[in-house]
Amino acid sequence: MTETPPEMEIQPPRPAWWQRISVVWLVPVIALLVALGIAWNSYAGRGTLIEITFQNATGLEAGQTTLRYRDVTIGVVEKVGFAPDLRNVVASVRVANDVAEYIDAEAQFWVVRPEVSVRGISGLDTVLSGAYIAGLWDNTSTGAQYAFTGLEVPPLMSGSDMGGLSITLRLRDGNQISAGAPIIHKGIEVGSVGEPRLAPDGDLVLIDAVIDAPYDRMITSNTRFWDASGFDIRFGAGGVELDVRSLASLIQGGINFDNVISGGDPVDPGQEYDVFADETAARSSVFTSTAVDKMLPLSVVFDGSVAGLTVGAAVNYRGLTVGTVTDLGAIVEGEGDDRRVRLLANLEIGTGQLGLGEDVSIDAARDFIARLVSEDHLRARLATASLFTGSLMVELVEVPEAPDAELDLEGEPFPLLPTTAPAITEFQTTAQGVIDRIGGLPIEGLMQSAIGALNSVQQLAGNPETQRVPTEAANLLSAARALVESDEVSGIVSDLRETTAGLSSLTRQIEQGQTVANLMSAIDRANQALEGAADVPQITGQLRELAEKANRMEVDQLAASAENLLRSADALIDSPEARQVPGALAGALREVDAMLAELREGGAVGNVNSALAAAESAATDLGSAAQGLPDLAARAARVLDQAGATVSGYGNDSRFNVELVTALRSLQEAADALTTLARTIQRNPNSIILGR
Amino acid sequence: MVTARDAGLVGCTRCGRVHHMGTPACNRCGAPLSSRDDTSLQRVWAWWWAGLIAYIPANLYPMLLTSTLVSNTESTIVGGAVELFLHGDVGVALIVLIASVVIPIAKFMAIAFLAVSINKRHIMGEHAQHQLFSVVEFIGRWSMIDVFVVAILASLVRFSVVATINPGIAAVSFALSVAFTMQAALSFDPRIIWDDEK
């Protein structure tokens, strides 16, 4: 039997290790790679570590506090530790790598915390998020740095990467300005100031300030700054003026500026400016230039009391304020029994205010004052600055009669200015003088005189006659008006016209009647007869007789009576019974008219000669009468003037006055008419006869 | 003890039907049949390593990124548990600690132990090993508690500026770690336990 060989143990070949390996191994490999990648990534991206040293770590928290550049978070504080000597706090900050290279030596760091001040609340976002570190650096890298010292206060130029101008302000006094106070231009805040500090010599207060872009372009060499802190109260003729600025500048102070005159050159960063006390001083400084460091110090020693003189009191020279009193104190002079206390005042004289210009040195100004003292006898004296408050000022006056003196250059603490008698007008004295003078007035006599005068006036006024005066004047004026307005007066003119017309028609008849020609021929014949005859004298005598006879005719009387009439008319108008004048005149004229009519109707041609003569003489008389008319008119005008002057005292609106004015106007018109008539007649007497 | 292999049989791992040795595929469900999975241990170790690698960042990196109005907080798993403990929430702290630290680590150790001690009867009996495997498989899913908490918080707490919670890198790592360890446990072929060297 065949034995089946035992089954062979066939060992299949072991597959190679890479064939046995499972694909699943890829998973841990990938996981490892990813993990390593993440690890590398976070290691590489964790940023650069910089260390910032602060004095304290208020608000800084490791892992929480961020570092921000332009409010973008670029890093986180990793650790807050101490410097090796425990004097400072070191904050280690992880900064993004791409920014870290710009953080060079000029970088500034400060902690932004919530801050509540009079100007408002800043950093409010940090109330919830916590404080953060703000960084500031420029955009050029000058070598990265890894250790910095942080600022305790934010830098002024925190927004300055866009520009801005840093300047230094010089003040006499820093107690009105605190850090962060605004710089204001036309009410707009354009910058702020930093912490005030003392100048190295201790005389001035210096403040760094920044004018933000784009306002920095307004700062020129002509810019003037002045203190806008607090509020101003001014007492003046217009009452009290209260000028209050913003609340912030009230508490924190503020500095205002303006370009007083246009032009001016741009300035370099770091330029120094003086801050004037107020706007007026700043504006006037263009002309006087009160640079604070160009003040000439002087001392004055006064005898007697300086009560009323205060620090800051003005120093006047010829009425112009040229300086101020800076110090007051007492010094002891003399030895032994002669020791006495005298009062020392230190002054500062502004060289610019003296008109010496800005470039003059203090020494030159002192020499100038010394020369004024020795040559012009310049002296200092106390003078009253205000009568009411009794405050004093120091006045520099030239006293020619003063004994010679020099500016004591050895004087302590400053060159000593000689003094002269004070010109103090004490209010008490003045008031006493005023009262004395008032007391010395003869008031009682004055009162008695006044009482007497008033009594007289009262009596006069109470007198019935006085009271009647207006009434009578009114009566007179109304009578005058009635007279002027009466038909009779106007009748005069028409009567005159009628008379003239009569005369002219008479003349015309005479002309028509060839009377004149006949007369002429008669005269010719008479002449011929005279020439031809030997007994001319007889004829001449006859003729003369004839003429005389003609002259003696009743026309003579008529003329005389007419003249009389006119004269009486004149007198009448002049007299209070003037209103009867027109009637009489009219009657007279009517009579003349009637007479002329008679003459005309009577056909008295035979008496032509005498008639003509009569007419001529009548015309002459009329002319002379008319010559009296201007006089009449003038008289009337005079009367009216007088009446006007009298009446002008009776007020403007009274009925009396109104009537008076009306009457005067009528009278004036009448007088004008009379004048015109008179002038016409005077100029051409024939017209009354010839009618033209 | 007679195993299926000794009896010349092979069981379908999917539907459980028993076939004769040599049958290539289950004639009921069609799944491929093999008496033993040769690469099982390899895959266990591979997943195990992947899980371990993922577990490291899960503990180093923050699990929760909490941003509130006041602060930003990043808390890691252990840090969060400690914080809870300091707050006085001992119970919650324990749950977090057990679910996120104890259980995963125990799982790692259990799987490693199983993989190493396979067929080494002097360490542990077959039945004990089998029970340990069951426990590991059962308990694995509970490790996801932390991930669930983070997912729920992150989706619920979204109040813009006031409070926001975001999952950190650790959340993803931890989820991956748990998934990998579960995969490791799944890859383990418990039948190997029976292949004892007699």
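Below, read A as the first sequence line, B as the second, and so on, with proteins coming before strands; counting in each chain starts at 1.
Atom CD of A/Gln145 has more than 12 heavy atoms from other residues, nucleotides or ligands within 6.0 Å. Counting non-hydrogen atoms of neighbouring residues, nucleotides and ligands closer than 6.0 angstrom, the CZ atom of B/Arg14 reaches no more than 12 such neighbours. Within 6.0 Å of atom CZ in B/Phe108, more than 12 heavy atoms from other residues, nucleotides or ligands are found, so the atom counts as buried in its surroundings. Heavy atoms of other residues, nucleotides or ligands lying less than 6.0 angstrom from CE of B/Met21 number more than 12. In the displayed structure, B/Leu156 atom CG is contacted under 6.0 Å by more than 12 heavy atoms of other residues, nucleotides or ligands. Around OH of A/Tyr102, the count of heavy atoms belonging to other residues, nucleotides or ligands within 6.0 Å does not exceed 12. Crowding of B/Phe85 atom CZ: a count of heavy atoms from other residues, nucleotides or ligands under 6.0 Å not exceeding 12.
Options B/Ala50, B/Ser173, B/Ser187 differ in how many heavy-atom pairs under 4.5 Å they form with chain A, and the most are formed by B/Ala50.
Along residues 27-43 of chain A, the residues that come nearer than 4.5 angstrom to chain B, judged on non-hydrogen atoms, are A/Val27, A/Pro28, A/Ala31, A/Leu32, A/Ala35, A/Ile38, A/Ala39, A/Ser42 in order of number.
With rounding to the nearest 0.5 angstrom, the CH2 atom of A/Trp25 is 8.0 Å from the CH2 atom of B/Trp45.
Residue A/Val24 is tested with B/Gln183, B/Arg43, B/Gln42 for a side chain to side chain contact (heavy atoms under 4.5 Å, CB included); the sole match is B/Arg43.
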